[in-house]
Amino acid sequence: MSSAEVLPPPVDPSSDPPPLFDGTTRLYTSYICPFAQRVWITRNCKGLQEKIKLVPLDLENRPAWYKEKVYPENKVPALEHNNEIRGESLDLVKYVDSHFEGPALYPDDLTKKEFAEELLSYSDRFNGALFGSLKAYSENELDTVFNHLETALHKFNDGPFFLGQFSLVDIAYVPFIERFHPLLLDLKKYDITKGRPMLTSWIEEMNKIEGYKQTRRDPQELMAAVKKKFLIN
């Protein structure tokens with residue numbers, strides 16, 4: 001896109017629900033949720049800004065109709081498409097990639113596909129270590145998961161990303177690194193890039209991806225949201 005998308009304001013309890021299942025594809029999201037950001041990035045990188053409408057929620061003040069009429073789990077992200085509501089961020093990034101036009105974000109190569117699945121599975125362990133560090137800090141645990149990423153970035157040499165070329169794997173990890181790179185520096189003086197040149201390069205390259213740049217928020221806003229959620233002053 002040549003110009004930045006004008007983002008709609010978050011809906012709250014005073015907002016009317018959208019007309020469900022009227023043929024519009026909607027991504028129910030939050031501008032500060034890392035899981036929802038995965039699907040938002042995927043939408044943007046496939047050029048689907050006109051095809052998938054954003055419905056951002058205020059997670060602190062969600063409208064009752066979202067749980068009652070849209071998604072009983074009352075979480076984001078959720079995708080309304082073909083008269084169905086789907087959830088779970090890693091499932092949705094694959095769904096959007098395979099069911100809509102635009103550049104393919106998942107490899108055909110079998111070796112890369114297998115490694116992609118390994119890394120997508122590992123993302124739960126990775127995120128658990130990041131959020132766990134806010135409750136019970138373990139530098140060893142952080143070293144383990146960030147060193148795992150550094151090693152993974154050495155596997156393919158046809159580009160700076162996890163599978164060489166940009167893919168859903170990068171999309172899965174970047175929202176969490178966007179938050180915890182500044183947060184761990186701020187809270188623990190832990191620099192995730194120290195001694196990790198591949199990860200440093202990866203962050204630099206990710207920051208050039210237009211579809212991701214459109215989803216980035218002020219680091220102070222993101223850090224404040226995480227601190228609030230985990231009751232950190």
Side-chain angles (χ1 to χ4, degrees), residues 32-42 45 88-90 93-94 105-107 111-209 211-213 215-232:
I32 61 169
C33 171
F35 296 95
Q37 189 180 0
R38 287 169 160 173
V39 193
W40 184 14
I41 296 168
T42 305
C45 288
E88 298 303 327
S89 64
L90 290 181
V93 295
K94 289 182 178 179
L105 296 170
Y106 197 74
T111 304
K112 289 192 173 187
K113 195 175 286 188
E114 288 176 353
F115 195 55
E117 286 304 313
E118 282 180 35
L119 287 173
L120 291 174
S121 296
Y122 189 79
S123 68
D124 285 341
R125 160 84 192 278
F126 178 76
N127 295 339
L130 297 188
F131 288 113
S133 72
L134 300 179
K135 298 175 182 175
Y137 180 65
S138 168
E139 189 167 320
N140 286 341
E141 179 67 0
L142 290 176
D143 283 345
T144 297
V145 295
F146 281 109
N147 288 344
H148 188 91
L149 298 196
E150 180 72 11
T151 300
L153 285 164
H154 281 274
K155 188 168 178 73
F156 298 107
N157 60 10
D158 57 332
F161 301 105
F162 282 109
L163 304 181
Q165 302 303 302
F166 178 70
S167 75
L168 293 180
V169 177
D170 305 292
I171 290 172
Y173 280 91
V174 74
F176 301 91
I177 290 176
E178 178 183 347
R179 285 155 179 78
F180 279 87
H181 186 191
L183 190 62
L184 289 171
L185 265 177
D186 177 54
L187 293 177
K188 309 296 184 184
K189 303 296 181 280
Y190 183 92
D191 184 355
I192 69 169
T193 62
K194 186 177 180 181
R196 299 185 183 103
M198 299 296 285
L199 184 61
T200 303
S201 174
W202 179 85
I203 292 170
E204 290 171 358
E205 293 300 320
M206 281 302 305
N207 287 337
K208 299 174 187 175
I209 299 285
Y212 164 55
K213 283 165 63 176
T215 72
R216 293 187 65 189
R217 308 291 286 186
D218 178 350
Q220 295 300 324
E221 177 190 15
L222 295 180
M223 287 198 293
V226 175
K227 287 177 180 179
K228 185 175 182 181
K229 185 176 178 66
F230 285 86
L231 305 176
I232 299 169

ask   = With a 3.5 Å cut-off and no angle check, do the side chains of D191 and T193 form a donor-acceptor pair?
value = yes
To the nearest 0.5 Å, atom OG1 of T144 lies from atom CD of E139 at 10.5 Å
Checking N147 side chain against D143 main chain: does a donor-acceptor pair fall under 3.5 Å? yes
Between Q165 and D170 the two heavy atoms that sit nearest each other are O-OD2, 4.0 Å
The reported gap from CG in L168 to CD in E117 (rounded to nearest 0.5 angstrom) is 9.5 Å
F162 meets the ring pair (Phe, Tyr, Trp, His ring centres under 6.0 Å) criterion, sequence neighbours left out, with Y173, W202
- Message: Using the rule given for side chain to side chain contact (heavy atoms under 4.5 Å, CB included), can you reason through S133 versus Y190, listing the C-alpha separation, both sets of side-chain angles and the distance that settles it, and then say yes or no?
- Response: CA-CA 11 Å; S133 72; Y190 183 92; over 6 Å; no
Exercise. Are L149 and I177 close enough, and set up right, to give a side chain to side chain contact (heavy atoms under 4.5 Å, CB included), and what steps lead you there?
Worked result: CA-CA 11 Å; L149 298 196; I177 290 176; 4.0 Å; yes
- Task: Begin with the C-alpha distance, continue with both residues' side-chain angles, and end with the deciding distance and a verdict on side chain to side chain contact (heavy atoms under 4.5 Å, CB included) for E141 and V145.
- Result: CA-CA 6 Å; E141 179 67 0; V145 295; 4.3 Å; yes
On a heavy-atom basis, the closest approach of E178 and L222 is OE2-CD1, 3.2 Å
Taken to the nearest 0.5 Å, the spacing of L142 CG from I192 CD1 works out to 9.5 Å
When every non-hydrogen atom of P107 is compared with those of K113, the smallest separation belongs to O-CE, 3.1 Å
Notebook entry, point to check: Could R216 and E221 be called an ion pair, given the rule that one side-chain N must be under 4.0 Å from one carboxylate O?
Noted result: no
Take a 6.0 Å sphere around CD of E150 and say whether it holds more than 12 heavy atoms from other residues, nucleotides or ligands. yes
Could you check whether F156 and F161 have their ring centres less than 6.0 Å apart? no
Tested for ring pair (Phe, Tyr, Trp, His ring centres under 6.0 Å) against F146, the lone hit among F180, F126, F176 is F126
Next on the checklist: I'd like to know if the side chain of R38 and the backbone of A172 have a donor-acceptor N/O pair within less than 3.5 Å.
Outcome noted: yes
Residues S123 and L90: closest non-hydrogen pair is OG-CD1, 3.7 Å
Checklist entry - Is the number of heavy atoms from other residues, nucleotides or ligands under 6.0 Å of K228 NZ greater than 12? => result no
message: I'd like to know if the side chain of S201 and the backbone of P197 have a donor-acceptor N/O pair within less than 3.5 Å.
response: no
All heavy atoms of L134 vs all of L187, minimum pair found to be CD2-CD1, 3.8 Å
Walk me through it: do H148 and R125 pass the test side chain to side chain contact (heavy atoms under 4.5 Å, CB included)? CA-CA 11 Å; H148 188 91; R125 160 84 192 278; over 6 Å; no
So NZ of K112 and NZ of K155: to nearest 0.5 Å the spacing works out to 11.0 Å
Distance col, row M223:CE vs I32:CD1, nearest 0.5 angstrom, shows 13.5 Å
Open item on the list: Check this for me: K188, atom NZ, are more than 12 non-hydrogen atoms of other residues, nucleotides or ligands nearer than 6.0 Å?
Closed with: yes
Heavy atoms of other groups near N157 CG, more than 12 under 6.0 Å
no
So CZ of F166 and CD1 of I171: to nearest 0.5 Å the spacing works out to 4.0 Å
Smallest heavy-atom separation, V39 atom then S89 atom, equals CG2-O, 4.0 Å
